[in-house]
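First the structure, in the form of structure tokens, and then the observations on it.
No hydrogens, no waters, no symmetry mates; every other heavy atom, side chains included, goes into these values.
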Amino acid sequence: MDELSLHILDIVQNSISAKATLIEVKLIDDSKNDKIEIEIFDNGVGMDEEEIKKVQDPFYTTKNFKKVGLGIPLLKQMALSCNGEFKIESKKGEFTRVYASFKKSHPDVPPIGNLKDTILTIILSSNNFDIKFHYRKDNKFFELDTKEIKNILGDIPLNHPEVIKFFKNYLEENFLNLEV
């Protein structure tokens with residue numbers, strides 16, 4: 001994966017597989033402190049200490065259709081090689097939090113990528129969970145909470161064509177304000 005947005009999508013897919021009903025994605029792009037931070041929290045099934053170690057091994061996966069699980073090991077390797085940090089915190093049956101940071105000016109930091117499409121993809125798959133998305137770029141920020149949006153929409157599904165059109169325009173406008 002050569003874009004940070006694809007890593008976000010991969011970790012969120014792990015959260016969905018872990019039966020999370022709430023997934024929080026935080027992305028901080030901080031030029032003043034020369035740092036990019038990604039944090040993804042979910043309230044899924046969680047992991048014990050042994051599982052936390054295993055998911056950082058590229059030859060371990062919980063998916064039956066794959067022989068390797070490269071998402072987390074690649075994110076960890078990339079963060080550490082870019083003078084950043086990587087952490088996984090989890091409690092069995094309660095939560096998992098994945099954190100990665102990068103020195104923004106490091107020459108090997110991948111681009112953030114197409115964050116708008118990544119977030120739209122996550123939103124459109126969120127019928128069985130809620131997503132809270134927080135994005136701060138320097139002193140500007142954007143937040144989105146599908147629980148609030150679902151309450152406003154009532155019985156209208158998030159994948160209704162008019163809702164999709166709304167989300168595309170909403171994300172485009174807000175990301176334009178963030179100069180993404």
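- The structure places CG of Leu120 at 6.0 Å from CG of Leu171, a figure rounded to the nearest 0.5 Å.
- Atom CG of residue Asp34 and atom CG of residue Asn83 lie 9.5 Å apart, to the nearest 0.5 angstrom.
- Of the candidates Asp155, Asp130, Asn127, Asp130 is the only one forming a side chain to side chain donor-acceptor pair (under 3.5 Å) with Lys150.
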Show your reasoning for whether side-chain contact (heavy atoms from CB on, under 4.5 Å) applies to Leu6 and Asp10.
CA-CA 6 Å; Leu6 295 177; Asp10 181 65; over 6 Å; no
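- Closest approach of Ile164 to Asn159, counting heavy atoms only: CD1-O, 3.4 Å.
- Using a 4.5 Å heavy-atom cutoff, the side chains of Val163 and Ile156 are in contact.
- Interatomic distance, CD of Glu51 versus CD1 of Ile88, reported as 11.0 Å (0.5 Å rounding).
- Minimum heavy-atom separation, Ala79 to Phe86: CB-CB, 4.5 Å.
- Listed for the Asp30 side chain is no donor-acceptor partner under 3.5 Å among the backbone atoms of Lys35.
- Side-chain atoms of Ser5 come within 3.5 Å of backbone atoms of Ile112 as a donor-acceptor pair (strictly under, hydrogens ignored).
- Here the closest non-hydrogen pair linking Ser126 and Thr146 is OG-CG2, 4.0 Å.
- Put simply, Ile40 and Ile28 are part of two different groups of oily side chains (I, L, V, M, F, W, Y) that touch within less than 4.5 Å, one to the next.
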Go through the steps to decide whether His7 and Met78 satisfy the test side-chain contact (heavy atoms from CB on, under 4.5 Å), and finish with yes or no.
CA-CA 11 Å; His7 283 283; Met78 187 180 306; 3.4 Å; yes
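- Within a 6.0 Å radius of CG in Asn151, more than 12 heavy atoms belonging to other residues, nucleotides or ligands are found.
- In this structure, Lys104 pairs ionically with Asp29, as a charged nitrogen and a carboxylate oxygen lie closer than 4.0 Å.
- The shortest heavy-atom contact between Ser125 and Ile16 is OG-CD1, 4.3 Å.
- No more than 12 heavy-atom neighbours from other residues, nucleotides or ligands sit within 6.0 angstrom of NZ on Lys53.
- Listed for the Asn43 side chain is a donor-acceptor partner under 3.5 Å among the backbone atoms of Leu22.
- Side-chain N or O atoms of Ser15 include none that pairs as donor or acceptor with a backbone N or O of Ala20 at under 3.5 Å.
- Under a 3.5 Å cut-off, the side chain of Gln56 and the backbone N or O of Ile52 do form a donor-acceptor pair.
- Tracing side-chain contacts under 4.5 Å through hydrophobic residues (I, L, V, M, F, W, Y), one reaches Leu158 starting from Ile131; they form part of the same cluster.
- Heavy-atom neighbours of Glu49 CD from other residues, nucleotides or ligands within 6.0 Å: at or below the threshold of 12.
- No single ILVMFWY cluster, assembled from side-chain heavy atoms under 4.5 Å apart, contains both Ile38 and Phe141.
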Would you please test Leu80 and Lys76 for side-chain contact (heavy atoms from CB on, under 4.5 Å) and show each step?
CA-CA 6 Å; Leu80 297 178; Lys76 179 180 179 179; 3.9 Å; yes
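- When atom types are taken as modelled, the side chain of Ser101 and the backbone of Glu85 share a donor-acceptor pair closer than 3.5 angstrom.
- Clustering ILVMFWY residues whenever any of their side-chain heavy atoms sit less than 4.5 angstrom apart, transitively, puts Val55 in the very cluster that holds Leu75.
- Between Asp138 atom CG and Arg136 atom CZ the span is 8.0 Å, to the nearest 0.5 Å.
- Put simply, the side chain of Thr96 does not reach to within 4.5 Å of the side chain of Glu89, judged on heavy atoms.
- Between Phe133 and Phe175, the ring-plane angle classifies as parallel under the 30° and 60° cut-offs.
- By the 6.0 Å contact criterion, CD on Glu143 is enclosed, its count of non-hydrogen atoms from other residues, nucleotides or ligands being greater than 12.
- By the 4.5 Å heavy-atom criterion applied to side chains, Lys116 and Asn114 are counted as neighbours.
- Pairs passing the ring pair (Phe, Tyr, Trp, His ring centres under 6.0 Å) check and including a residue from residues 147-167, sequence neighbours excluded, read Phe166-Tyr170.
- In this structure a side-chain-to-backbone donor-acceptor pair under 3.5 Å is missing from Thr118 to Leu9.
- Looking at heavy atoms from C-beta onward, Leu144 lies in side-chain contact with Ile123 at the 4.5 angstrom threshold.
- With rounding to the nearest 0.5 Å, the separation of CD in Glu172 from CG in Asn177 is 10.5 Å.
- Atom CE in Met47 sits 9.0 Å away from atom NZ in Lys92 (nearest 0.5 Å).
- Proximity of Lys132 to Lys147: side-chain heavy atoms (C-beta onward) are nowhere separated by under 4.5 Å.
- Hydrophobic cluster membership is shared by Tyr135 and Phe102, with clusters built from Ile, Leu, Val, Met, Phe, Trp and Tyr side chains linked at under 4.5 angstrom.
- With sequence neighbours excluded, the residues that form a side-chain contact (heavy atoms from CB on, under 4.5 Å) with Glu39 are Lys26, Arg97, Tyr99.
- Residues Ile11 and Val25 form no side-chain contact, since every pair of their non-hydrogen atoms from C-beta on lies 4.5 Å or further apart.
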